[in-house]
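A short write-up of the structure that comes next.
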There are 2 protein chains.
Amino acid sequence: MSATIYDVAREAGVSMATVSRVLNGTAVVKDETKKKVLDAIQTLGYRPNAVARGLASKKTKTIGIIVPDVSAPFVAEMVRGMEDIATMYNYQIILSNSDAQADREIDLIGTMWEKQVDGVLFMGSQVTEELLQAFEQAQLPVVLCSTIDPEGRIPSVNIDNRQAAFDATRFLIEKGCKRILFLSGSSDHAVVGTPRQEGYQKALKQAGLPPQILECPSLRYEDGLKMLRESFHQIVVPDGVIAVSDELGVAAIHACLDAKLQVPDQVKVISFDNTRLAVMVRPELTTISQPIYDMGAVAMRFMTKLIHHENVEEYSFRLPYEITVRKST
Amino acid sequence: MSATIYDVAREAGVSMATVSRVLNGTAVVKDETKKKVLDAIQTLGYRPNAVARGLASKKTKTIGIIVPDVSAPFVAEMVRGMEDIATMYNYQIILSNSDAQADREIDLIGTMWEKQVDGVLFMGSQVTEELLQAFEQAQLPVVLCSTIDPEGRIPSVNIDNRQAAFDATRFLIEKGCKRILFLSGSSDHAVVGTPRQEGYQKALKQAGLPPQILECPSLRYEDGLKMLRESFHQIVVPDGVIAVSDELGVAAIHACLDAKLQVPDQVKVISFDNTRLAVMVRPELTTISQPIYDMGAVAMRFMTKLIHHENVEEYSFRLPYEITVRKST
DNA sequence: CTGAAAGCGCTTACAG
DNA sequence: CTGAAAGCGCTTACAG
């Protein structure tokens, strides 16, 4: 059995309350007393039991993170950003994967509540009424990350996806592209669907060019390549492609190469994200660079503010993005 | 305030102990009584407080995971495997990144102990005496994942790295390679260093071929490419390359292309891991395929056995690997 | 500046 | 099959 606060108190000849005070710095303690306590802690090798502390204080110093899938590089990088800031503020994280399944998401919110986390960082494809209700019921502070509540009822961290898609489209148009294909995520996805499609279409309309959208079942390379191979012969052959993820961007490049189309000479490709994959393929991908790590970090930083009731002016964060030009355009 | 077990007991007209029993199934409860309790739980929307439960039972249903960096795809996939099995057994995970820094690793073990996790899954580059001592002190069950204690004092899940490197080398030799370069991790790394170098050298010696090892500061693409570019003119130009990670494999391919060497015609490349990157580059990578997800899953499954004191025969798991042949060889 | 005591919300022998 | 009560290891008013 390891030492408890009671053992420390006895060893130091003080009360438990005093030990607690020097541990947490919640009140002034005479230097002399403090030293006795610190010595006792030292000799006993005492470490406070966070569970007991959590029960007594109703704060667990733990943040729940719900994401679709950590094994996706975009997500993993974001989670890393969250974790680093959590560490900085002495929080730990409980990580869960939802596979973007609505019922699993709801479930996980319940689990997070049972674990008494101090807050939840959430990434998912949609913010439904049921989800909102689950958060409401759990009475937990929530921050969305790379996830949007169209009604803006929950704080969130994103880039301006609509504008970014618009910019990407403009970029290709200015490069002379006339037949720009948009490789989209599911159109009801609040991030990689609707807003980006809108930005794309707005730019095309302004330029008097025809839109052509292909919706991928996922943002993964394999699915993108499969879909492109199946549909390449029945679509207008593009001279420009905008992909909503780097993996889809790579899929586009390879689909073109397989169809004997040179990238970037005959087809220019730009993708969203700028994960590390973008520089690991040839030609290197031109991307809409998202500050992925920072998005996670900002979300977690904001969470710590919510928890500590610091007054927060901003609510819906729009982080800057930029077009990183490489060899694919 | 949300309902407590006391509220449920009163609502159902039974004692807290009885509520606890139906909740945990720790004793037989009359059907009629059970129904009353279940109804009360339903109407109050009661969910047990896991923190209180943890304090009382001394089991938190939480597993700590310490990894160098979740944002590395290999790690992320492994973590996903761990999480899935944890979910299956009703455990949650606390995830922490050590950046492979020894002091940080020790620190994290302390934190995990404070959080009263039921066990720790650990991935790191080395198992030092200090680390072992920290685990000892924390009195936590530990399972190493893709990490080796040379003395075998801690259960672990790995592939046979020595044999795998031997096989990879044999594979290239049989393809006719005479000048095989080994792109290694730091040589004191217990997984990507020593054992793989040994397997490589053994195969070369058997074939009477000269070894040539390049040690990379990290397993990342950027670092590998940089190192190769700097040293390509001062080494024997290889006709075969074995890389200890897929990223280094891609770096090797690109370094060759930049030096006007055709892959696989003039240089054959094989890498370790078979992360998804392997199929996202051209030519697609031939790899020593590791069951990454499964390694995480097996480690977590073994942990649940340790926790429940199921008698465990095996201790040091050697999962199967295979050579997946693609276009780079 | 310090202590005594209640309480956080559960589980778990111990009785019956 | 069920209940009363102690206890898990802390924090936090409340007193002084």
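What you see below is based on every heavy atom in this structure, not just the backbone, and it leaves out hydrogens, waters and symmetry mates. Naming: A, B, ... by sequence-line order, numbering from 1 per chain.
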Nearest-nucleotide pick for [X], side chain only, options being [options]:
X       : options               : answer
A:Pro48 : D:dC8, D:dT2, D:dC10  : D:dC10
A:Ser57 : D:dT12, C:dT11, C:dG9 : D:dT12
A:Ser20 : C:dC10, D:dG9, D:dT12 : D:dT12
A:Ile5  : C:dC8, D:dT11, D:dT2  : D:dT11
A:Val29 : C:dT2, D:dT11, D:dG9  : C:dT2
B:Ser15 : D:dA4, D:dG9, D:dT11  : D:dA4

How is [X] classified with respect to the nucleic acid when contacts are heavy atoms under 4.0 Å: base, sugar-phosphate, or nothing?
X       : value
B:Thr4  : sugar-phosphate
A:Val14 : sugar-phosphate
A:Thr18 : sugar-phosphate

Any donor-acceptor N/O pair, [X] side chain to [Y] backbone, under 3.5 Å:
X        : Y        : value
A:Asp118 : A:Ile63  : no
B:Thr147 : B:Gly124 : yes
A:Ser57  : A:Arg53  : yes

Paired with C:dC1: which nucleotide, if any, by Watson-Crick or G-U wobble criteria at under 3.5 Å for both distances?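 Pairing partner: D:dG16.
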
Rounding to an integer number of Å, can you tell me how far [X] [atom1] sits from [N] [atom2]?
X        : N      : atom1 : atom2 : result
A:Leu55  : C:dA6  : CG    : P     : 17 Å
B:Lys58  : C:dA13 : NZ    : P     : 12 Å
B:Gln116 : C:dC10 : CD    : P     : 18 Å
B:Asn49  : C:dT11 : CG    : P     : 10 Å
B:Tyr6   : D:dA6  : OH    : P     : 16 Å
A:Lys34  : C:dT2  : NZ    : C1'   : 14 Å
A:Leu23  : D:dT12 : CG    : P     : 12 Å
B:Asp31  : D:dC1  : CG    : C1'   : 12 Å

Salt-bridge present (A:Asp7, A:Arg10; N to O < 4.0 Å):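 Judged by the 4.0 Å cut-off on N to carboxylate O distance, A:Asp7 and A:Arg10 do form a salt bridge.
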
Go nucleotide by nucleotide along DNA chain D from the 5' end; which of A:Arg21 and A:Met16 gets its closest nucleotide reached first?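 Here A:Met16 is the residue nearer the 5' end.
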
Just wondering, do A:Leu131 and A:Phe122 contact through their side chains at under 4.5 Å, heavy atoms?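 Yes; the side chains approach each other to less than 4.5 Å.
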
